[in-house]
Amino acid sequence: MSQQDGGDVIQLLTTRLHALNDLALTLKHIHWNVVGPHFIAVHKMLDPQVDSVRDMTDTTAERISTLGGSPHGTPGAIVEGRHWEDYTIGRAEAIEHLGALDLVYTGVIEDHRAAARATDESDPVTQDMLIEQLRGLELYQWFVRAHLESAGGALSTSSASSEREAASRANEQARRQP
């Protein structure tokens with residue numbers, strides 16, 4: 001790999017590291033703030049996701065180091081390096097958090113897919129790592145979406161443009177279902 005390609009991959013992975021660190025913190029935030037009749041199911045569903053995403057951050061940081069970079073996992077680095085807004089839902093019903101979390105996962109997955117495409121030729125090792133992480137991220141989004149889909153397959157959060165809108169739509173669909 002050329003030095004230029006290595007630098008580009010390090011920069012790309014740094015953004016992924018920030019996103020994964022942010023996701024792990026967001027998942028824990030939801031874990032602490034979820035309430036309602038589905039509290040225990042969602043509360044318990046999130047801890048394995050947190051652990052897995054934390055493993056992804058470690059793998060990503062180690063890849064950055066392997067390529068000669070210096071991973072930065074401090075809160076300031078995350079905030080400075082991100083292009084997304086902070087998670088805005090506090091104490092709320094499980095279904096509302098799941099609606100908002102679906103949007104969070106969509107953003108992380110889309111950016112991970114773009115990163116995997118960007119490393120196709122320059123660094124297949126990094127691409128393989130990102131693809132493996134996508135397997136986990138997509139699985140966890142499926143777990144979340146199972147709570148948000150109707151029996152007919154309609155996703156309550158489809159076309160929502162903000163976490164609050166996704167939370168509201170998920171709540172509305174839940175209220176309409178028997």
Colleague: Where is the tightest heavy-atom contact between Ala170 and Gly99, given as atom of each residue plus distance?
Modeller: CB-CA, 3.9 Å
Colleague: In the hydrophobic clustering (ILVMFWY, side-chain contacts below 4.5 Å, transitive), which residues join Leu130, or is it alone?
Modeller: Met1, Val9, Ile10, Leu12, Leu13, Leu17, Ile64, Leu67, Met129
Colleague: Measure the spacing between CZ of Arg16 and OG1 of Thr126 and express it to the nearest 0.5 Å.
Modeller: 13.0 Å
Colleague: Would a distance-only check, ignoring hydrogens and angles, find a side-chain to backbone donor-acceptor pair under 3.5 Å from Gln173 to Leu148?
Modeller: yes
Colleague: Just checking, any donor-acceptor pair under 3.5 angstrom between side chains of Thr157 and Arg169?
Modeller: no
Colleague: Looking only at atom types and distance, does a side-chain atom of Thr119 sit under 3.5 Å from a main-chain N or O of Ser122, one as donor and one as acceptor?
Modeller: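 Not confirmed, Thr119 side chain does not pair with Ser122 backbone.
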Colleague: What's the spacing between Arg54 CZ and Leu23 CG if we round to 0.5 Å?
Modeller: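 Taking CZ in Arg54 and CG in Leu23, the distance rounds to 11.0 Å.
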Colleague: Give the minimum heavy-atom separation between Ala94 and Val34, together with the two atoms involved.
Modeller: CA-CG2, 3.3 Å
Colleague: Do the side-chain N and O atoms of Thr15 and Gln11 include a donor-acceptor pair separated by under 3.5 angstrom?
Modeller: no
Colleague: Treating Ile, Leu, Val, Met, Phe, Trp and Tyr as nodes and any side-chain heavy-atom pair under 4.5 angstrom as an edge, say whether Val144 and Val42 lie in one connected cluster.
Modeller: yes
Colleague: Under 3.5 Å, is there a donor on one side chain and an acceptor on the other for Thr106 and Gln141?
Modeller: yes
Colleague: To check you understand the geometry: which heavy-atom pair defines the closest contact between Pro71 and Ala61, and what is its length?
Modeller: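 So the two residues come closest at CG-O, 3.6 Å.
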Colleague: With sequence neighbours left out, what residues match His29 under ring-ring contact (aromatic ring centres under 6.0 Å, His included)?
Modeller: Tyr87
Colleague: Using the side chain to side chain contact (heavy atoms under 4.5 Å, CB included) rule, take Phe143 and Gln49 through it: C-alpha gap first, then chi angles, then the decisive distance, then the call.
Modeller: CA-CA 10 Å; Phe143 292 171; Gln49 292 182 32; 4.1 Å; yes
Colleague: For a quick test of reading the model, state the closest non-hydrogen atom pair linking Gln133 to Leu20 and the distance between them.
Modeller: OE1-CD1, 3.8 Å
Colleague: Do Trp142 and Leu98 sit in the same hydrophobic cluster, where Ile, Leu, Val, Met, Phe, Trp and Tyr count as joined when their side-chain heavy atoms come under 4.5 Å apart?
Modeller: yes
Colleague: Donor-acceptor pair, His72 side chain versus Ser70 backbone, under 3.5 Å?
Modeller: yes
Colleague: Under 3.5 Å, is there a donor-acceptor pair linking the side chains of Asp8 and Gln4?
Modeller: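 Side chains of Asp8 and Gln4: pair found under 3.5 Å.
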Colleague: Pair Thr66, Glu62 - check side chain to side chain donor-acceptor pair (under 3.5 Å), show working.
Modeller: CA-CA 6 Å; Thr66 299; Glu62 289 171 354; over 6 Å; no
Colleague: Decide whether Asp22 and Trp84 meet the rule of one side-chain donor and one side-chain acceptor closer than 3.5 Å.
Modeller: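 Note: Asp22 and Trp84 side chains meet the donor-acceptor criterion.
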Colleague: Decide yes or no for Thr59 and Arg63: does some side-chain heavy atom of the first lie under 4.5 Å from some side-chain heavy atom of the second?
Modeller: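 With C-beta onward as the side chain, the pair stays apart.
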Colleague: Under 3.5 Å, is there a donor on one side chain and an acceptor on the other for Asp102 and His147?
Modeller: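 No.
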Colleague: Check whether Ser158 reaches the backbone of Leu155 with its side chain - one donor and one acceptor, N or O, closer than 3.5 Å.
Modeller: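 Side chain of Ser158 to backbone of Leu155: a pair is present.
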Colleague: Is it the case that the side chain of His97 and the backbone of Gly90 share a donor-acceptor pair, with hydrogens and angles ignored and the cut-off at 3.5 Å?
Modeller: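 Between the backbone of Gly90 and the side chain of His97 there is a qualifying donor-acceptor contact (under 3.5 Å).
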Colleague: Is it true that a side-chain atom of His18 and a backbone atom of Arg82 form a donor plus acceptor pair closer than 3.5 Å?
Modeller: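 Looks like no, no N/O pair under 3.5 Å.
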Colleague: Is there side-chain contact between Pro37 and Glu93, with at least one heavy-atom pair below 4.5 Å?
Modeller: yes
Colleague: What distance separates Asp120 CG from Gln127 CD, expressed to the nearest 0.5 Å?
Modeller: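 It is 4.5 Å, given to the nearest 0.5 Å.
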Colleague: How many angstroms lie between OH in Tyr140 and CE in Met45, if you round to the nearest 0.5 Å?
Modeller: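 Here the interatomic distance stands at 11.0 Å.
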Colleague: Does Glu165 reach the main-chain N or O of Ala160 with its side chain, forming a donor-acceptor pair under 3.5 Å?
Modeller: no
Colleague: For the hydrophobic clusters of this structure (ILVMFWY residues joined by side-chain heavy atoms under 4.5 Å, transitively), does one cluster hold both Trp32 and Ile40?
Modeller: no
Colleague: Between the side chains of Tyr105 and Glu110, is a donor N or O closer than 3.5 angstrom to an acceptor N or O?
Modeller: no
Colleague: If Ile, Leu, Val, Met, Phe, Trp and Tyr residues are connected whenever their side-chain heavy atoms lie under 4.5 Å apart, and connections chain through other members, are Leu137 and Ile78 in the same group?
Modeller: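 Not linked; separate clusters.
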Colleague: Can you list the steps and then say if Asp51 with Lys28 is a salt bridge (Lys or Arg N to Asp or Glu O under 4.0 Å)?
Modeller: CA-CA 10 Å; Asp51 293 341; Lys28 229 22 195 174; over 6 Å; no
Colleague: If you draw a 6.0 Å radius around NE2 in His38, do more than 12 non-hydrogen atoms from other residues or ligands fall strictly inside?
Modeller: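 Incorrect, the count does not exceed 12.
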Colleague: Between the main-chain N or O of Met56 and the side-chain N or O of Thr60, is there a donor-acceptor pair closer than 3.5 Å?
Modeller: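 Yes, the answer is positive, given that a donor and an acceptor are paired below the 3.5 Å cut-off.
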Colleague: What's the separation between atom CG in Asn21 and atom OG1 in Thr57, rounded to the nearest 0.5 Å?
Modeller: 5.0 Å
Colleague: Rounded to the nearest 0.5 Å, what separation is found between the CZ atom of Arg175 and the CG atom of Asn171?
Modeller: 4.0 Å
Colleague: Step by step, work out the salt bridge (Lys or Arg N to Asp or Glu O under 4.0 Å) result for Arg91 and Glu96.
Modeller: CA-CA 10 Å; Arg91 184 177 175 87; Glu96 293 173 287; over 6 Å; no
Colleague: Are Leu25 and Leu101 connected into the same hydrophobic cluster when the rule is that any two of I, L, V, M, F, W, Y join if their side-chain heavy atoms are below 4.5 Å apart?
Modeller: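 Shared cluster, no.
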Colleague: Could you go through the side chain to side chain contact (heavy atoms under 4.5 Å, CB included) check for Glu132 and Asp128 one step at a time?
Modeller: CA-CA 6 Å; Glu132 183 60 31; Asp128 183 60; 5.7 Å; no
Colleague: To check you understand the geometry: which heavy-atom pair defines the closest contact between Ala116 and Leu134, and what is its length?
Modeller: CB-CD1, 4.5 Å
